[in-house]
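Accompanying notes for the structure given below.
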Amino acid sequence: MVKELERAGLPTAHICSIITISKTVGANRIVPSVAIPHPLGDPGKTLTEERAIRRRLLEQALSALETEISDQTVFDGP
Amino acid sequence: MSSPKPKPKLRAVHYLNQFFAGQGGEEQGGLEPLWLEGAAGPGRLLESVAPGLEIVGTLVAGDNYMAEDLESAVSRALQVVTQHVDESAIDLFIAGPAFNAGRYGIACAALCQALGNRYGWPAVTAMYPENPAVDGYRREVVMVRTTSDVMGMREAVAGVAAILDKLVAGENLLPARDGIIPRGLRQNYFAAASGAERAIEMLLCKLRGEAFANEYPMPSFDRVPPAPPIADASRATVALITSGGIVPSGNPDRIESASASGWGQYSIEGLEALNATTHRSVHGGYDPTYANEDPNRVLPLDMARVLEQEGRIGRLFPRYFATVGNGTSVEQARRFGTEIAALLVNEGVQAVIFTST
Amino acid sequence: MTLTVQTFAVSRVSMGGASDFVQGHLRIDPEALGSRLRNLEPRIEDARLHLAHPGDATRLLCCKDVVQPRFKLDAKAPGGGHLGVLDGVAVVTCGPIVGFQEGIIDMSGPGADYTPFSRLHLVVLELQVKPGTRPHDHEAIVRAAGLEAAAYLGEVCAEAAPTETQEVLWNEVAVDERLPRIAYVCMVLTQGLLHDTYLLGENASGTIPRVLDPRIVLDNGVVSGNCVSACDKNTTYHHQNNPIIRLLLDGHGKRWNFVGLVMTNVPTRLAEKQRSAEIAVSLTRELGARAVVVSKEGFGNPDADLMMLLRGLELGGVKAVALSDEFAGADGGSQSLADSTSHANAIVSTGNANQRVRLPPMATTIGPLADAERLAGGYAGNLGSDGSMEVELQAIMGATNQLGFSNLSCREV
């Protein structure tokens, strides 16, 4: 799905747990997340900490959307 | 005492290009569709190796005529066939062999497809596996494998003859057994041995360096050039999509927990966050406890709203999109992506955040 | 340590009267079994028992696990001692836990061809738990009830004479060093509610990868807590009868040297997946294996674990064959796996789980029919007004089992 969105000219940040699959299948802007049942959260942490995780992942996604790339790229920096 | 009634012959229409029908060479490439009664050229050879076959008539057209405007050429050719035969009196359609001839191959395949669709006739052509027609038509058209050039005519015709009865009976044709070009479809069957037995025998072959039949060669996934970035997310409309199965409680579109057949779009207008009462996961492929407790863990609306209020995101598109990625085939996912992309482009969305589980 | 298996062939199962086992006829006292289950677990509100036999016009819906009744004739730990096995009969647990989980067993008709359980006499437990029971507890209760019922049926046969007695030998056999050294890597799901596996009574997610005596698996060492992906989960019955272990033990010392079993998990975080794959590969290499069979459980993200394993094994000089099912779309025209690697060059396909099959109406349906379109592998409108249903093989118990239990395969046409 992600590929078709990019194909249509929409930059798309793929936030996913198992980025090896995302790479194989061919997503371009990849943001690694926490775990399969809770990609943007962590039930072992407090709500405040979870919201901080979500903010960080969304900010990585936004910077992925703003970055010119020529090949598949994993965005896991700050 | 009456002698057993001979089996009635299969009655076929055969398609040939100008060259194989004896109507001229390259200079006759523009030849318009015409009808010859009975068999011609390779058709006569085919009748001789398949005594149960009668070629009622031969449709002929020039390679260039067919290639220039395929759609109208095919419909003209169909008219010619309709003028000369009664559809109910014909059992099947045969085209070629086309070997590695590109224009001829495409004409053969397109006519097999068109006549099959129009009259429900079983259809077969024959060509070299690298003929340019193979990629576009192999899913729908039965193609007997041939050599690249006409030196293999006798084998090609024998190959067609060998599968005629099965084709007309609608039997399953197998590439290895029946000499056809694979259609690129995976089909289940019951093997003679269990999977465990096959695995161990395969392993012993691999260990001894002997050839073995890998039952599933790895797929190759295509690549898409990256879309250009947005200059500034704080001035963009961004849409949220998830394949993690987060839907409004009650699952209004009845999205399947596995092998989804569609996607849904749901309003988030005026909604600051998802919660355990408004939304839930219908994904059957992961432990849903955590997503049901707090659906923002899969579709992060709460923090996306915060970023919108802070001005980091210009505007969140007022609807989000959801499907279930569990066991959903790549082809289906491709369709969902294409459909949602068209909608988003139309609505002026500039970028997408897509979450998966 | 040796394991002696005593098999009791069960040719007939009936309900009513006192429980006993006479000349292959297993009679079950439903009161006795029911009260044993309620004593086991006070949160069981209702335990209904049904029987389903091969050839019956019966459909079981919402199946969770299948367990072969067994009992230990001594107190030896799993993998050793005397094990009694009831052949031809199994316990099936069913009923919803969270929403609806798939799992169809048809005892006759086209659906029966796809599940090995249609060939067994089935003792079906339809369980209701007290309202308010949390999903994780609900799953644990259903799992425990299945094991308890299986143990009860085993005990009924304990005094009888076995049909067959067999020594399961392994590392006590002296092996010609020239025989090829083959290991087995068994992946099991460890991903939380409805997606877990239990090893020697513990949730396996924290205890593997590890090397294990393969006879422990055959001796009830592995229990399924996996209630989803009916087609390609490994039920407890599949583990108890793991065909790869059985075949490797059969040929051990004759055609090859079975050097050992590595059980490994399928976690939910990428870093854990990578770590588990690395450990499983190094354990396999430490066993001195030159070749290895790898079996998978589930699909989608486990494909990534499988590819990591295959890559690591092949790069480490261990030749690998893997068993996997496919999700190639209803028409078979799609790519079959979520991940790939060029090192995966020897795959045994256990079938395309997206293929659809029409199941005719059945005289008897056990389980909630109205929910069938919500099961994985079902879809809106898949129920005919006559009680027939069209489903993907995905919804049928064991249809594409990746231990290679059945003969289903898939090829390109």
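What's counted below: heavy atoms across the whole structure, side chains too, no hydrogens, waters or symmetry copies. Proteins get letters first, then strands, A, B, ... in listed order; numbering begins at 1 in each.
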May I ask you to name which of [options] has the most heavy-atom pairs under 4.5 Å with chain B?
options: C:A330, C:A353, C:S409, C:A346; value: C:S409
options: C:L248, C:N301, C:N345; value: C:N345
options: C:L194, C:D196, C:T400, C:N354; value: C:N354
options: C:G329, C:S336, C:G251; value: C:S336

Which portion of [X] sits near chain B, non-hydrogen atoms under 4.5 angstrom:
X: C:L403; value: backbone
X: C:L189; value: neither
X: C:E412; value: both
X: C:Y184; value: neither
X: C:N352; value: both
X: C:P243; value: both
X: C:D113; value: both
X: C:V294; value: neither
X: C:S295; value: neither

Using 0.5 Å steps for rounding, measure from the [atom1] atom of [X] to the [atom2] atom of [Y].
X: B:Y286; Y: C:H195; atom1: OH; atom2: NE2; answer: 10.0 Å
X: C:K319; Y: B:K206; atom1: NZ; atom2: NZ; answer: 7.5 Å
X: C:R255; Y: B:E201; atom1: CZ; atom2: CD; answer: 4.5 Å

Considering only heavy atoms, which portion of [X] lies under 4.5 Å from any heavy atom of chain C: side chain, backbone, both, or neither?
X: B:Y216; value: both
X: B:A333; value: neither
X: B:A191; value: both
X: B:L204; value: side chain
X: B:Q187; value: both
X: B:R139; value: side chain

Test side chain to side chain contact (heavy atoms under 4.5 Å, CB included) on C:T350 and B:E215 and set out the steps. CA-CA 9 Å; C:T350 58; B:E215 296 181 3; over 6 Å; no

Show, in sequence, the C-alpha distance, side-chain angles and deciding distance for B:L174 and C:R411, and conclude whether the side chain to side chain contact (heavy atoms under 4.5 Å, CB included) test is met. CA-CA 9 Å; B:L174 298 176; C:R411 60 189 166 197; 3.4 Å; yes

Any side-chain heavy-atom pair from [X] and [Y] closer than 4.5 angstrom?
X: C:I347; Y: B:M202; value: no
X: C:W256; Y: B:I200; value: yes
X: C:V413; Y: B:P175; value: yes
X: B:N326; Y: C:F299; value: yes
X: B:S194; Y: C:F405; value: no

For the student: nearest non-hydrogen atoms of [X] and [Y], plus distance:
X: B:P219; Y: C:Q335; result: CB-CG, 3.4 Å
X: C:V348; Y: B:G195; result: CG1-O, 3.7 Å
X: B:M218; Y: C:D339; result: SD-O, 4.5 Å
X: C:P180; Y: B:L207; result: CB-CD2, 3.4 Å
X: C:S349; Y: B:R198; result: O-NH2, 2.9 Å
X: B:A196; Y: C:L323; result: N-CD2, 4.0 Å

With sequence neighbours left out, what residues match B:Y290 under ring-ring contact (aromatic ring centres under 6.0 Å, His included)?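 For B:Y290 the ring-ring contact (aromatic ring centres under 6.0 Å, His included) partners, ignoring immediate neighbours, are A:H38.
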
Taking atom [atom1] of [X] as the centre, does the number of heavy atoms from other residues, nucleotides or ligands within less than 6.0 Å exceed 12?
X: C:R246; atom1: CZ; answer: no
X: C:R311; atom1: CZ; answer: no
X: B:E171; atom1: CD; answer: yes

Residue selection (most heavy-atom pairs with chain C, distance under 4.5 Å) from B:A176, B:G285, B:P288: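 The residue among B:A176, B:G285, B:P288 with the greatest pair count is B:G285.
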
Counting heavy-atom pairs under 4.5 Å to chain C, which of B:A213, B:S329, B:C205 comes out on top?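 Max contact count across the listed options: B:S329.
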
Could you walk me through whether B:V330 and C:F327 pass the side chain to side chain contact (heavy atoms under 4.5 Å, CB included) check? CA-CA 9 Å; B:V330 177; C:F327 283 74; over 6 Å; no

Please evaluate residues C:T268 and B:D287 with respect to the criterion side chain to side chain contact (heavy atoms under 4.5 Å, CB included), reporting the C-alpha separation (whole Å), side-chain torsions for both, the decisive distance (0.1 Å), and the verdict. CA-CA 10 Å; C:T268 61; B:D287 177 350; over 6 Å; no

